[in-house]
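What follows is a single structure, written as C-alpha cells, with notes after it.
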Amino acid sequence: MSGHSMKLVTIVCEALARESVTGLLMEVHAHGYTLGPVEGTGAKGARTGEIPELGNVKIEVIVPPPVAEQLLQRLQRDFFPHYAVIAYEIDVRVMRSEKF
Amino acid sequence: MSGHSMKLVTIVCEALARESVTGLLMEVHAHGYTLGPVEGTGAKGARTGEIPELGNVKIEVIVPPPVAEQLLQRLQRDFFPHYAVIAYEIDVRVMRSEKF
Amino acid sequence: MSGHSMKLVTIVCEALARESVTGLLMEVHAHGYTLGPVEGTGAKGARTGEIPELGNVKIEVIVPPPVAEQLLQRLQRDFFPHYAVIAYEIDVRVMRSEKF
C-alpha cells in the first residue's frame, strides 16, 4: 500500500471570504475540502493589541501538487490584496475510499 | 531536545463511522487521538451537486510509523468499502508531557 | 512564487492551560495562532479507561524554525511538568497576505 503523494493546502481566512474561497476551490477543481470555524489572532492584530479576532474559518483540501500551486497562486493574486488570509501547503501521503 | 519522528494520521469520515474508527484506533494501540466535527464536501459529492455534507468528523492521532502503516491498511481493507473516508499521514516531530 | 519554509507548531492541551500557552506564544513572538476545541483521549487516559476527556484545545501557529525550537523548549521546560500537553512541528510552505 503506497498511497498517493499529495499536498494538503490549509487556508485560514476571515469568515467574510468563505464563499469566495470555496468558489475558487471549485474553479481549480480542488474538491473534497473540510471547513470549520477557528478562533485566532492575526499576526498584525496581535502586534498592535493582542485582541482575538473571532469569525475566522479554516479550510483544508487535499490536491495534487500542480493544483496546490495553482490554488496558492490564485489566492495570492486575487485574495491576498483584499482579505486577511494565510495559506500553507504540507506534503501528505493519502488514501481514500471510492465513496469519498 | 530532539523530539520523536512520528506520523500524524488524519482520518476524515462520515459521523456514522466514528465509533468504528475510534474502536480501530484502540485495537491498533493508536492512543491519544483528538476529534472534532468538520463541514465539508466529498470529492464525489462536489462533482455531482456541490452540496455540502454535514456531519463529518476529523480524527487525528500521532503514532510511530509502523502503527500508521497498520492503521492505514486496516482503514483501507475494512472501512473504505463501506464508508466515505479519507486518511492521510504527515511526518511530525513530537514532544509530549509525561501526563499526556 | 516560492513561499516561505516555516514550521507549523500544533499544541494540544487541557483547556486549563489555554491562557498560559497563549501567553507563552506572545512571549516568544509566535503571533497569528488559531485555536479551537477538540475532544480527545490522552494516551495515558486511553490506556486506563478509554474515557474521552472533554475540554482540550488545539492551538496552531506558524513560525520560523528558530521560534519553533524556542517554543517547544519552553513548553517542555515550563508546561510538560504541570499540564497534559502534546506538541508537534510540521514543515510547511507558507504564503500570507499583507493583511494577516
Side-chain angles (χ1 to χ4, degrees), chain A residues 7-17 20-21 24 34-60 63 65-66 68-93, chain C residues 1-40 55-68 70-71 87-100:
Chain A
K7 297 286 185 183
L8 170 65
V9 176
T10 302
I11 303 159
V12 179
C13 63
E14 46 189 326
L16 189 64
S20 302
V21 171
L24 172 61
T34 62
L35 186 151
V38 285
E39 292 177 62
T41 61
K44 293 285 173 68
R47 251 173 239 138
T48 51
E50 317 298 348
I51 299 162
E53 294 160 25
L54 299 177
N56 286 332
V57 295
K58 182 164 83 163
I59 299 168
E60 292 176 308
V63 290
E69 192 61 30
Q70 189 189 2
L71 177 54
L72 291 169
Q73 285 181 4
R74 287 290 305 275
L75 284 168
Q76 188 172 43
R77 191 189 75 188
D78 300 338
F79 287 76
F80 285 13
H82 306 295
Y83 298 107
V85 184
I86 184 169
Y88 51 91
E89 65 170 26
I90 299 173
D91 294 322
V92 296
R93 188 167 71 100
Chain C
M1 184 189 60
S2 62
H4 301 279
S5 289
M6 303 278 273
K7 299 285 185 183
L8 170 64
V9 176
T10 302
I11 302 160
V12 179
C13 63
E14 46 190 327
L16 189 65
R18 174 186 167 152
E19 293 304 315
S20 301
V21 171
T22 57
L24 172 61
L25 294 179
M26 292 303 112
E27 203 181 320
V28 301
H29 305 289
H31 300 298
Y33 61 88
T34 64
L35 186 151
V38 286
E39 294 177 63
N56 286 331
V57 295
K58 182 164 84 163
I59 299 167
E60 293 176 307
V61 66
I62 288 173
V63 290
V67 175
Q70 188 189 2
L71 176 54
Y88 50 92
E89 65 170 24
I90 298 174
D91 294 321
V92 296
R93 189 167 71 100
V94 177
M95 262 134 299
R96 76 172 79 214
S97 66
E98 286 303 307
K99 291 190 171 194
F100 199 87

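Per chain, numbering begins at 1; letters A, B, ... match sequence-line order.
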Point-to-point distance, once rounded to the nearest 0.5 Å, from CE of C/Met95 to CD of A/Glu89: 6.0 Å
Residues in side-chain contact (heavy atoms from CB on, under 4.5 Å) contact with C/Pro64, at least two apart in sequence or another chain: C/Met6, C/Pro66, C/Val67
Atom group of C/Ile90 that falls short of 4.5 Å from chain A, counting heavy atoms: side chain
Contacting region of C/Ile62 [heavy-atom separation from chain A under 4.5 Å]: side chain
Gap separating the CG atom of A/Asn56 from the OG1 atom of C/Thr34, nearest 0.5 angstrom: 8.5 Å
Region of C/Ile59 in contact with chain A, defined by heavy-atom distances below 4.5 Å: neither
A/Glu60: side chain to side chain donor-acceptor pair (under 3.5 Å) partners, not counting sequence neighbours: B/Lys58
